[in-house]
Amino acid sequence: MPELPEVETIVRVLEQRVVRDRVESVWIGSRPQPLKSPAAAIARTLEGKRIVDVHRTGKYIVFELGPSGHAERKRSSKTGKGTAQWVVHLGMTGRIVICSPGAELAKHTHLIARLASGRELRFVDPRMFGRVSVHAGGFDPGGVEPLEISERSFVELFRGRKTPIKSALLNQKLVRGVGNIYADESLFRAGIRPRRRAAAVTRQEFGSLYRSVRAVLREAIKLGGSSVSDYVDADGEEGLFQMRHRVYAREGEPCLVCGTAIRRVVLAGRSSHFCPKCQK
DNA sequence: ATACCGACCTGTCAGC
DNA sequence: TGCTGACAGGTCGGTA
């Protein structure tokens, strides 16, 4: 479910709700699939630690954890860097829920962090494609942030690649955070078909794609992401950007620009939507 | 390198 | 009502 705008929306809520709070104890469910680090390591790393910062990198949520001691806390809160990181990837159906301890336990709850404030952070994920891990001293998934990179560096990333441009956009080792929805929406705005080889995209089209990717992501963040079937943020609020989708999940419907029926093809195993007239 | 495919999982919906 | 198959925001590993 969550691509960059959805994860960014969730992180903004978490910043408001849990920064400066402390993890008192952790409960971890019995399913091993969502755990990328051993359960014991996750529990040991979280328990007793203060959450000094929450941020997003690509589609990952990163909780910066600091010691709970007073002097250490002062130092950590100054740098915004913790001594350890709790990292959550939501996969397709993962959710972070902030709730009270009495709230009903959702099916597929895999981890609960009980906070000193009396609330709980719960990680819920029916399909179990999401992953939870802990790291000491830095977490870097590779790739660059599309909203932080220059146009020149963006073009450099893709130049000469023989892979379809959409596959390149989805490759998190290049640009991180763009998923299936925003790849389709960006390519539509840039007028480029998903199957075009990156090497066959002109410099001018790359400029257009760079601006489209950033505009789409920024607009989506402003609207709280896209709620296609079940995405909600950490407060349970739905996003609104699905109202602005121009091609995603609109197969057979008229293109909003020219009226031609939107087509759907499968590329690298993913549904890909485009307007055969507007996109070359 | 690259591209295609299945695997990993559960839930939902359409069609019969 | 219930079965079957297709499909779903993501990523990884194998194979040609």
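For the numbers below, each heavy atom of this structure counts, side chains included, while hydrogens, waters and symmetry mates do not. Chain identifiers are assigned alphabetically (A, B, ...) following the order of the sequence lines, protein sequences preceding nucleic acid strands; residue numbering begins at 1 within each chain.
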_Base of B:dA1 paired with side chain of A:Arg161 (donor-acceptor, under 3.5 Å)_ = no
Is there a donor-acceptor contact under 3.5 Å from the side chain of [X] to the main chain of [Y]?
{"X": "A:Gln279", "Y": "A:Ile192", "result": "yes"}
{"X": "A:Thr57", "Y": "A:Tyr60", "result": "no"}
{"X": "A:Ser272", "Y": "A:Arg270", "result": "yes"}
{"X": "A:Glu6", "Y": "A:Glu3", "result": "yes"}

*Which of these nucleotides, C:dG10, C:dC7, B:dT10, is closest to any side-chain atom of A:His108?*
B:dT10
*Candidates C:dC7, B:dT2, C:dG10 - which lies nearest the side chain of A:Ser271*: C:dC7
*Using the closest heavy atom to pick a nucleotide of DNA chain C for each, name whichever of A:His273 or A:Gln172 lands nearer the 5' end.*
A:His273
With a cut-off of less than 4.0 Å, is there a side-chain N or O of [X] near OP1 or OP2 of [N]?
{"X": "A:Arg270", "N": "C:dT11", "result": "no"}
{"X": "A:Lys59", "N": "C:dT11", "result": "yes"}
{"X": "A:Gln33", "N": "B:dC9", "result": "yes"}
{"X": "A:Arg127", "N": "B:dC8", "result": "no"}
{"X": "A:Thr163", "N": "B:dA3", "result": "yes"}
{"X": "A:Arg197", "N": "B:dA3", "result": "yes"}
{"X": "A:Lys36", "N": "C:dT11", "result": "no"}
{"X": "A:His89", "N": "C:dT11", "result": "yes"}

*Toss me the dot-bracket line for DNA chain C: Watson-Crick and G-U wobble, both under 3.5 Å, 5' to 3', using | for pairs to another strand and [ ] for crossers.*
.|||||||.|||||||
*Are A:Arg264 and A:Ser271 linked by a side-chain donor-acceptor pair shorter than 3.5 Å?*
yes
_Between A:Arg119 and A:Ser117: side-chain donor-acceptor atoms closer than 3.5 Å_ = yes
Describe the nucleic acid contact of [X] in one word from base, sugar-phosphate, nothing, applying a heavy-atom distance below 4.0 Å.
{"X": "A:Gly269", "value": "nothing"}
{"X": "A:Ser167", "value": "nothing"}
{"X": "A:Tyr248", "value": "sugar-phosphate"}

*Where does the angle between the aromatic ring planes of A:Trp86 and A:Phe63 fall among parallel (under 30°), tilted (30 to 60°) and perpendicular (over 60°)?*
parallel
Gap between atoms [atom1] and [atom2], on [X] and [N] respectively (whole Å):
{"X": "A:Ile181", "N": "C:dA8", "atom1": "CD1", "atom2": "P", "answer": "11 Å"}
{"X": "A:Asp125", "N": "B:dG11", "atom1": "CG", "atom2": "C1'", "answer": "12 Å"}
{"X": "A:Tyr60", "N": "C:dT11", "atom1": "OH", "atom2": "P", "answer": "7 Å"}
{"X": "A:Leu169", "N": "B:dT2", "atom1": "CG", "atom2": "P", "answer": "15 Å"}
{"X": "A:Gln242", "N": "C:dA8", "atom1": "CD", "atom2": "P", "answer": "17 Å"}
{"X": "A:Leu267", "N": "B:dC4", "atom1": "CG", "atom2": "P", "answer": "7 Å"}
{"X": "A:Asn171", "N": "B:dC4", "atom1": "CG", "atom2": "P", "answer": "14 Å"}
{"X": "A:Met128", "N": "C:dC12", "atom1": "CE", "atom2": "C1'", "answer": "17 Å"}

*Does the aromatic ring of A:Phe129 sit over the six-membered base ring of B:dC8, closer than 5.5 Å centre to centre and tilted less than 30°?*
yes
*Can you name the residues that form a ring-ring contact (aromatic ring centres under 6.0 Å, His included) with A:Tyr248, not counting sequence neighbours?*
A:His245, A:His273
*Kindly state which residues belonging to residues 186-196 of chain A come within less than 4.0 angstrom of DNA chain C, counting heavy atoms of the residue only, listed by number.*
none
*Kindly work out whether a path of hydrophobic side-chain contacts (I/L/V/M/F/W/Y, heavy atoms less than 4.5 Å apart) joins A:Val7 to A:Tyr231.*
yes
*If the P atom of B:dT10 is compared with that of C:dT1, how far apart are they to the nearest Å?*
25 Å
_Distance, C1' atom - from C:dG10 to B:dA1, rounded to whole angstrom_ = 22 Å
*Would one find more than 12 heavy atoms of other residues, nucleotides or ligands at under 6.0 Å from atom CZ of A:Arg203?*
yes
*Output the distance between atom CZ (A:Phe188) and atom SG (A:Cys275), rounded to the nearest 0.5 Å.*
6.0 Å
